[in-house]
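Note sheet for the following structure.
Reckoned from all heavy atoms, side chains included, excluding hydrogens, waters and symmetry mates. Order of appearance sets the numbers: ligands from 1, and atoms from 1 within every ligand.
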Amino acid sequence: MILAVSTLTAPHLRYRGRFAPSPTGPLHAGSLATALGSWLDARARGGQWLVRIEDLDAPRCIAGADQHILGQLRACGLFWDEEVTWQSQGQKAYQSALEGLYCRNQIYACTCSRQTIANALSKQGRLKPRNQEQVYPGTCRAYFRPQGDFSREAHAVAWRLALPPEKTIAFTDDLLGLQEQKLSQEVGDFVLRRADGVFTYQLAVVIDDGLQGITHIVRGADLLSNTARQIYLQGLLGLPTPHYRHLPLVLDAHGEKLSKQTLAKAIDTDSEAAVLQALQTAALHLGLHGLKNTPAKTVAQWLAHATQVWAGEAPA
Ligand code: GLU
Ligand code: ZN
């Protein structure tokens with residue numbers, strides 16, 4: 001099945017943004033800056049703002065983290081416009097998109113382990129550069145054959161997208177300008193469903209942004225290297241490409257991105273003063289210098305002022 005663009009997006013020609021946290025822990029200074037940036041961008045442009053919990057990777061999710069995050073957003077006055085959605089509840093759409101790609105011979109089964117991939121790469125003399133993604137060497141593509149009935153395919157295999165050779169995706173980030181990625185060389189055939197049956201972030205995010213009619217994606221720069229993959233998938237699935245704005249990451253004292261792994265602290269929402277402090281820190285990180293001497297005394301006043309500053313300072 002190809003998702004029909006017109007029926008998906010027609011009702012939402014207006015700005016629709018979203019914040020899509022993975023419930024792997026509470027909001028910290030970094031994820032609050034992302035939430036605030038996407039909220040301000042939506043509000044400054046009179047748009048809607050949605051929250052979607054990206055909880056497909058069950059082993060990484062922490063029970064109760066979703067409610068904790070929602071409580072923190074409310075405490076910060078970052079209210080959303082439609083009911084919160086959970087990706088774990090929308091798996092039919094992912095499955096039918098995968099089947100559609102299968103019927104068009106655009107995916108293939110892969111049985112490689114991390115070790116097989118590493119071995120194949122080292123045989124080809126392509127050792128993984130530090131901090132860079134491992135490019136899939138295409139091993140299982142040799143067994144690619146015209147597909148039959150998807151329901152009769154083996155289950156415990158990963159499904160990879162077969163990229164055309166030399167595929168390059170270029171797009172203009174609203175903040176960072178022109179970006180380009182040679183998908184075939186820099187990423188390789190990427191996984192859409194893992195061998196354990198979990199649909200990957202790349203597939204799910206594209207389907208959900210499409211189904212929810214998202215027009216503007218404002219998120220952390222750590223996701224910048226995923227965007228070309230997502231734009232390519234949007235094209236295959238007949239979905240429109242939204243605007244992208246990748247925000248600067250909050251780094252810790254060692255220059256590492258704040259995350260649960262680096263033991264980032266949950267933001268303090270115990271009092272209005274603490275919330276104001278957290279918001280102010282996030283805004284300065286986003287570069288909203290006009291907020292330095294804000295007269296705001298309450299969270300509501302602060303957000304109203306921040307929205308004006310964003311509208312004036314963020315280039316459209
Ligand atoms: N769930 C992703 C994360 O927490 C964000 C997805 C997105 O904004 O595209 O890193
Ligand atoms: Zn393989």
What are the atoms of ligand 1, with element, lying closer than 4.0 Å to any heavy atom of Tyr201?
6 (C), 7 (C), 9 (O)

State the atoms of ligand 1, each with its element, that fall below the 4.0 Å cut-off from a heavy-atom position in Val205.
9 (O)

List the steps, then state whether salt bridge (charged side-chain N to carboxylate O under 4.0 Å, His left out) holds for Asp81 with Arg43.
CA-CA 11 Å; Asp81 295 312; Arg43 294 300 178 240; 3.1 Å; yes

Please check this pair: side chain of [X] against backbone of [Y], looking for a donor-acceptor N/O pair closer than 3.5 Å.
{"X": "Thr85", "Y": "Arg52", "value": "no"}
{"X": "Thr168", "Y": "Lys182", "value": "no"}
{"X": "Asp189", "Y": "Ala162", "value": "no"}

Who's the nearest protein heavy-atom neighbour of [atom], and how far?
{"atom": "atom 10 (O) of ligand 1", "result": "Leu223 CD1, 4.1 Å"}
{"atom": "atom 5 (C) of ligand 1", "result": "Ala20 O, 3.3 Å"}
{"atom": "atom 3 (C) of ligand 1", "result": "Ser22 OG, 3.6 Å"}

salt_bridge(Arg16, Asp209) N-O dist < 4.0 Å
no

Hey, can you tell me if Trp49 and Trp39 have their rings parallel, tilted or perpendicular (30° and 60° cut-offs)?
perpendicular

Least distance between heavy atoms, Gln72 atom then Ile267 atom:
NE2-CG1, 3.5 Å

Gly220 and His246 have their tightest heavy-atom pair at O-CD2, 3.5 Å

Tyr136 atom OH and Cys112 atom SG as seen from the Zn ion (ligand 2), angle to 10 degrees:
90°

Report the angle formed at the Zn ion (ligand 2) by atom SG of Cys140 and atom SG of Cys110, rounding to the nearest 10°.
130°

Who's closest to atom 6 (C) of ligand 1 heavy-atom-wise, of His246, Arg219, Gln202, Glu54?
Glu54

What I want to know is whether Asp222 and ligand 1 share at least one N or O pair that is separated by under 3.5 angstrom.
no

Hey, does Pro21 come in under 3.5 Å of ligand 1, counting only N/O atoms on both sides?
no

For Phe19, state whether at least one heavy atom is located under 4.0 Å from any atom of ligand 1.
no

Does Arg18 come within less than 4.0 angstrom of ligand 1, counting non-hydrogen atoms of the residue?
yes

Do you see an N/O/S atom of Thr116, backbone or side chain, under 2.8 Å from the Zn ion (ligand 2)?
no

For ligand 1, which part of Asn226 has a heavy atom less than 4.0 Å away: the side chain, the backbone, both, or neither?
neither

Taking atom types as modelled, find out whether Tyr15 and Asp41 have a side-chain donor-acceptor pair closer than 3.5 angstrom.
yes

